[in-house]
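As structure tokens, the structure follows; a few thoughts come after it.
Each chain gets a letter, A, B and so on, in the order its sequence line appears, and its residues count up from 1.
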Amino acid sequence: MLDIKLLRAQPEVVVEQLKRRNFELDLTEFTKLDAERRAALVEAEQLKNQQNTVSKQIPALKKEGKDVAPIFAEMKELSDKVKVLDDKVRELDEALRQIVLTIPNIPNAEVPDGNDDSDNLEIRKWGEPTKFDFEAKAHWDIGENLDILDFGRAAKITGSRFTVYKGLGAALERAIINYFLTTHTTKSGYTEIFPPYMVHRNSMVGTGQLPKFEEDAFKVANTEYFLIPTAEVPVTNLHKDEILSADQLPIKYCAYSACFRAEAGSAGRDTRGLIRQHQFNKVELVKFANPDTSYDELETLTNDAEKVLQGLGLPYRVVRLCSGDLGFSSAMTYDIEVWMPSYGRYVEISSCSNFEDFQARRAGIKFKRDTNSKAEFVHTLNGSGVAVGRTVAAILENYQQADGSVKIPEALVPFMGTDLIK
RNA sequence: GGAGAUGUACCCAAGUGGUUGAAGGGUCUGCACUCGAAAUGCAGUAGGUCGGCUCAAACCGGCGCCAGAGUUCAAAUCUCUGCAUCUCCGCCA
């Protein structure tokens with residue numbers, strides 16, 4: 001959520017900044033409602049002040065035996081007026097909130113201008129795209145040939161965009177989760193969280209999935225709960241409505257969770273294999289940072305995510321998303337893209353973002369520089385560290401052998417108990 | 001799922017309709033005393049949020065006793081709904 005004071009004071013600046021992400025912001029309705037709200041609020045507050053003043057005198061007047069009936073009649077009128085005005089303010093508040101909640105974050109100045117992912121800026125590359133002296137297969141074929149992935153039976157028991165992992169396939173998924181969490185907690189200083197997989201509406205609003213993108217989420221029938229699309233939602237909301245102290249920052253959490261996405265609007269895209277599923281596993285990194293250093297924290301967070309890909313020996317590159325490709329809540333995002341031989345290109349495996357105070361304002365997450373200073377919003381950051389299913393896909397494809405077997409990256413062998421799937 | 005109880009500030013806790021601007025402790029902070037600390041004394045410890053006036057601060061006002069709705073001239077206090085916690089029962093991994 002943007003600062004309402006900024007929308008008031010410099011609307012033209014906000015409109016200009018949001019054009020960079022191809023978002024046309026029309027503030028006429030906002031400005032009108034905001035002025036109405038303040039007028040009604042000031043009037044209501046003046047009347048309430050009058051109510052309070054008179055109410056305080058009533059016990060004394062009663063004691064003196066004065067007739068208070070005429071005063072009560074007057075106060076009744078006042079009270080009715082206040083009720084009308086309060087209702088009006090409440091309605092306007094809600095209307096304004098709905099407007100502000102659907103305005104995306106302002107891109108950071110360092111974000112390159114652009115329309116879509118073709119305008120993203122490559123920052124660095126690690127490793128070289130894998131070369132094969134035989135005809136390389138796609139991971140869905142490798143997985144089915146080795147009898148470790150079963151898309152057909154997953155479709156039978158649930159539907160499309162689900163996968164059954166079997167045998168060493170299931171073991172590989174589990175080993176990767178374990179390797180990621182172990183690395184982040186022991187090498188990079190993150191505290192592990194295991195969160196609920198369902199959250200209420202307010203949490204989804206706090207991180208920015210709602211109200212705008214409800215169609216992307218799974219809502220649990222007969223409840224007001226949503227299946228989490230990422231551990232970002234419960235983990236960021238851990239500190240909702242809290243005031244932290246500066247010496248706690250940065251707070252660094254990592255969390256494994258299953259993630260659930262409706263994938264509305266992506267019909268026909270990535271229909272084969274593990275790339276785009278309704279349910280997938282992910283280890284997420286989340287930081288709560290002092291605004292002064294949040295961009296340094298974004299760099300280290302991205303590096304922490306890269307670390308696990310380096311450990312697995314998977315070639316990747318890091319791109320800075322252009323303004324048009326930026327997510328709703330983000331001020332700046334680095335995507336980490338792993339080399340996927342079947343696609344013949346790099347494919348997103350992690351998205352690391354600084355949301356600045358956009359989520360913190362929605363969720364009420366603040367900190368104090370010291371005991372006497374005013375509470376300020378923290379900056380929140382997160383990134384995948386990294387997507388597990390896509391890692392399985394990348395390992396199957398990049399480590400496949402001519403005989404159809406797949407070597408296990410050395411770092412995973414202790415977690416797998418074997419160095420080969422055949 | 002059933003029955004009962006509870007929800008007041010950083011913590012404990014008083015408060016059954018009006019001068020509550022929420023008692024009293026604890027904690028913490030400052031000051032005094034002290035070489036320093038402890039003890040003691042004094043002071044502060046309701047922050048936050050939304051507004052007004054402002055470059056800003058100061059100042060002034062609205063809200064605030066889990067959340068929301070209601071009754072009333074007036075609600076921490078009465079009523080309803082929801083949420084959370086605790087105890088017991090049922091069920092269950």
According to side chain to side chain donor-acceptor pair (under 3.5 Å), who are the partners of [X], at least two apart in sequence or on a separate chain?
| X | result |
| --- | --- |
| D86(A) | K48(A) |
| E16(A) | none |
| H239(A) | E242(A), Y253(A) |
| R261(A) | none |

If you find the nucleotide of RNA chain B closest to P59(A) and the one closest to Y225(A), which residue's nucleotide is nearer the 5' end?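 Result: P59(A).
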For R90(A) and I243(A), take the nucleotide of RNA chain B holding the closest heavy atom to each; which residue's nucleotide lies nearer the 5' end?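 Per heavy-atom nearest nucleotide, the more 5' residue is I243(A).
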For nucleotides 72-75 of chain B, give me every protein contact, N/O to N/O, under 3.5 Å, one pair per line with atom names.
| residue | atom | partner | partner atom | Å |
| --- | --- | --- | --- | --- |
| C73(B) | O4' | F72(A) | O | 3.4 |
| A74(B) | OP1 | S79(A) | OG | 3.0 |

Sort me out a list of protein N/O and nucleotides 50-56 of chain B N/O pairs below 3.5 Å, or just none if empty.
| residue | atom | partner | partner atom | Å |
| --- | --- | --- | --- | --- |
| C50(B) | O3' | R37(A) | NH2 | 3.1 |
| C50(B) | O2' | R37(A) | NH2 | 2.9 |
| G51(B) | OP1 | R8(A) | NH2 | 2.6 |
| G51(B) | OP1 | R37(A) | NH1 | 2.9 |

For D93(A), answer base if it contacts any base atom (sugar-phosphate contacts may also be present), sugar-phosphate if it contacts only those atoms, and nothing otherwise; contact means non-hydrogen atoms under 4.0 Å. nothing
What is the separation between atom [atom1] on [X] and atom [atom2] on [N], rounded to the nearest whole Å?
| X | N | atom1 | atom2 | value |
| --- | --- | --- | --- | --- |
| K368(A) | C28(B) | NZ | P | 18 Å |
| E94(A) | G68(B) | CD | P | 13 Å |
| E224(A) | U81(B) | CD | C1' | 15 Å |

Across all strands shown, which nucleotide pairs with G18(B) by Watson-Crick or G-U wobble geometry, both distances under 3.5 Å?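 Result: C73(B).
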Name the orientation of the base relative to the sugar in G64(B): syn if the glycosidic angle is within 90° of 0, else anti. syn
Among residues two or more places apart or on two chains, list those pairs meeting salt bridge (charged side-chain N to carboxylate O under 4.0 Å, His left out) that have a residue in [range].
| range | value |
| --- | --- |
| residues 156-180 of chain A | D147(A)-K166(A) |
| residues 102-113 of chain A | R20(A)-D113(A) |
| residues 6-15 of chain A | R8(A)-D34(A) |

Do any N or O atoms from the side chain of T102(A) and from the backbone of I99(A) form a donor-acceptor pair under 3.5 angstrom?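 A pair under 3.5 Å: yes.
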Between the protein and nucleotides 91-93 of chain B, list every N/O to N/O distance that falls short of 3.5 Å.
none

Within residues 191-209 of chain A, which residues have any heavy atom lying less than 4.0 Å from an atom of RNA chain B? none
Applying salt bridge (charged side-chain N to carboxylate O under 4.0 Å, His left out), can you list everything that pairs with D80(A), at least two apart in sequence or on another chain? K76(A)
Between D87(A) and R90(A), is there a salt bridge with N-O shorter than 4.0 Å? yes
